[in-house]
Amino acid sequence: MVRRRDRGIFARIYAVVRMIPHGQVATYGQIASIVADPQAARTVGWALSGLSEDARVPWHRVINARGRISLRQHPGAAEKQRVLLEHEGIVLDRHGRIDLETYQWEGLDWPAIEALHTAWEKEPPGP
DNA sequence: ACAATGACATAAG
DNA sequence: GCTTATGCCATTG
């Protein structure tokens, strides 16, 4: 359950996800590539699953490589994610697919993320 | 240390 | 395009 162990790869994953701009999306594999291994995608999903509700992480902007929502276990959550995405202006086709060519975040290298995240911690946005 | 688990990714049928 | 099978990584019992 994550506890206070957000020091390692988890913290880096959250940092990257926080930098995904409004109205854009990133894939699990993409985030994994930035924080560590291109093949630690499952770990990214695992990290997000342990988020608390007030974690200030835009988890809904993370989707799978096919451009679709990966939440199958709790159907309500998938629905919620879709609503959140549409609320940001992201269009899903009738199959619930997102066009990555249009909405995928270009991404940043880790040093850039780290710098931005440091600033974020200094002056967290929102309430 | 080993086996199982999970919001993945990719290849194959 | 969907379903299976296999590979990967970090965490947990």
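Letters go in sequence order (proteins before strands), and every chain restarts at 1. No experiment lies behind these values; they were computed from the predicted model shown.
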* Between C/dA10 and A/Arg12, is there an OP1 or OP2 to side-chain N/O distance shorter than 4.0 Å? ->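 No.
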* Residue-phosphate contact under 4.0 Å: A/Ser70 side-chain N/O, B/dC8 OP1/OP2 ->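 True: A/Ser70 side-chain N/O within range (under 4.0 Å) of B/dC8 OP1/OP2.
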Quickly work out the [X] [atom1] to [N] [atom2] distance and round it to whole Å.
X	N	atom1	atom2	result
A/Tyr28	C/dG7	OH	P	23 Å
A/Ile13	C/dT11	CD1	C1'	12 Å
A/Arg66	C/dT3	CZ	P	12 Å
A/Trp46	B/dA9	CH2	P	18 Å
A/Leu48	B/dC8	CG	P	10 Å
A/Gln39	C/dA10	CD	P	11 Å
A/Arg68	B/dT10	CZ	P	14 Å
A/Gln81	B/dA7	CD	C1'	8 Å

* Asked: For A/Arg97, which contact category applies under a 4.0 Å heavy-atom criterion: base, sugar-phosphate, or nothing?
  ->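 Nothing: the residue A/Arg97, judged by heavy atoms under 4.0 Å, touches no strand.
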* Asked: Hey, does A/Arg72 reach any base, or is it just sugar-phosphate, or nothing, if we go heavy atoms under 4.0 Å?
  ->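 A/Arg72: no heavy atom of the nucleic acid under 4.0 Å.
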* Quantified in whole Å, what is the C1' atom distance between nucleotide B/dA7 and nucleotide C/dG13? ->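 So the two C1' atoms sit 22 Å from each other.
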Options [options], nucleotide nearest the side-chain atoms of [X]:
X	options	answer
A/Thr27	C/dC9, C/dT12, B/dA9	B/dA9
A/Ala41	B/dC8, B/dA7, C/dC9	B/dC8
A/Asn64	C/dA10, B/dA9, B/dA7	B/dA9
A/Arg42	C/dA10, B/dA7, C/dG7	C/dG7
A/Phe10	C/dC8, C/dA10, B/dT10	C/dA10

* Residue pair A/Val62 / A/Thr27, side-chain heavy-atom distance below 4.5 Å ->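 They are not in side-chain contact.
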* To do: Inspect the contact between A/Glu88 and A/Arg61 and indicate whether a charged nitrogen and a carboxylate oxygen are less than 4.0 angstrom apart.
  =>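 Looking at A/Glu88 together with A/Arg61, the answer is yes, because their closest N to O distance falls below 4.0 Å.
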* A/Ala32 to A/Ala41 - nearest heavy-atom pair and separation ->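 Closest heavy-atom pair between A/Ala32 and A/Ala41: CB-N, 3.7 Å.
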* Compare every heavy atom of A/Val25 with every heavy atom of A/Gln30, then report the nearest pair and how far apart it is. =>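 What the structure gives for the nearest pair is OE1-O, 4.4 Å.
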* For the ring pair A/Trp120 and A/Tyr14, is the centre-to-centre distance below 6.0 Å? ->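 No, they do not, as the ring centres are separated by 6.0 Å or more.
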